[in-house]
Amino acid sequence: MAKGGFRGGMGGGMNMNMIKQAQKMQQDMLKMQEELENKEYEASAGGGVVTAKVNGKHEILNLSISPEAVDPEDVEMLQDMIVAAVNEAMRKADTEMQQAMGRMTGGLNLGGLF
């Protein structure tokens, strides 16, 4: 081994300030994710006769169906409207979470780092 050996540290110019910044970003992201998971998202289908409300954890909080949407001769149409409303509400939740994360990370793809 060369005289003086390994000098320790993180190498690659990583310093304590950078580590603290990364830790703060991780804490901020976790807080933001929790806030977004608790936020409610709503979408309608069939001209508003079916409305779904979900949270950021993809849990259905409320499903509203107007009586005029219930046609015993066309149950399939009602099913389709329910699926459409729920899926759109979920997309809204996902889109907002992705946009918020993108703003926080400056567009970096941090994958599984946090």
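Worth saying up front: this structure is predicted, and the values here are computed from it rather than measured. Note that the numbering runs from 1 along the sequence shown for the chain.
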Nearest-0.5 Å distance that lies between atom [atom1] in [X] and atom [atom2] in [Y]:
X     : Y     : atom1 : atom2 : value
Met25 : Met32 : CE    : CE    : 10.0 Å
Met90 : Thr95 : CE    : OG1   : 13.0 Å
Asp71 : Glu76 : CG    : CD    : 12.0 Å
Met97 : Glu35 : CE    : CD    : 10.5 Å
Leu36 : Gln99 : CG    : CD    : 10.5 Å
Asp28 : Lys24 : CG    : NZ    : 3.5 Å

Review item, side-chain donor-acceptor pairs of residues 48-64, under 3.5 Å, at least two apart:
from	atom 1	to	atom 2	distance (Å)
Thr51	OG1	Ser44	OG	3.0
Asn55	OD1	Lys57	N	2.9
Asn55	OD1	His58	N	3.3
Asn55	OD1	Glu59	N	3.1
Asn55	ND2	Glu59	OE1	2.8
His58	NE2	Asp94	OD1	2.7

For atom CD of Glu68, decide whether the heavy atoms of other residues, nucleotides or ligands shown that lie under 6.0 angstrom number more than 12.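 Yes, the 6.0 Å shell around CD holds more than 12 heavy atoms from other groups.
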
So does Lys31 pair up with Glu34, basic N to acidic O under 4.0 Å?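 No.
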
ILVMFWY network linking Val83 to Leu78, side-chain heavy atoms under 4.5 angstrom: no

Flag side-chain contact, heavy atom, 4.5 Å: Lys92 against Glu42: no

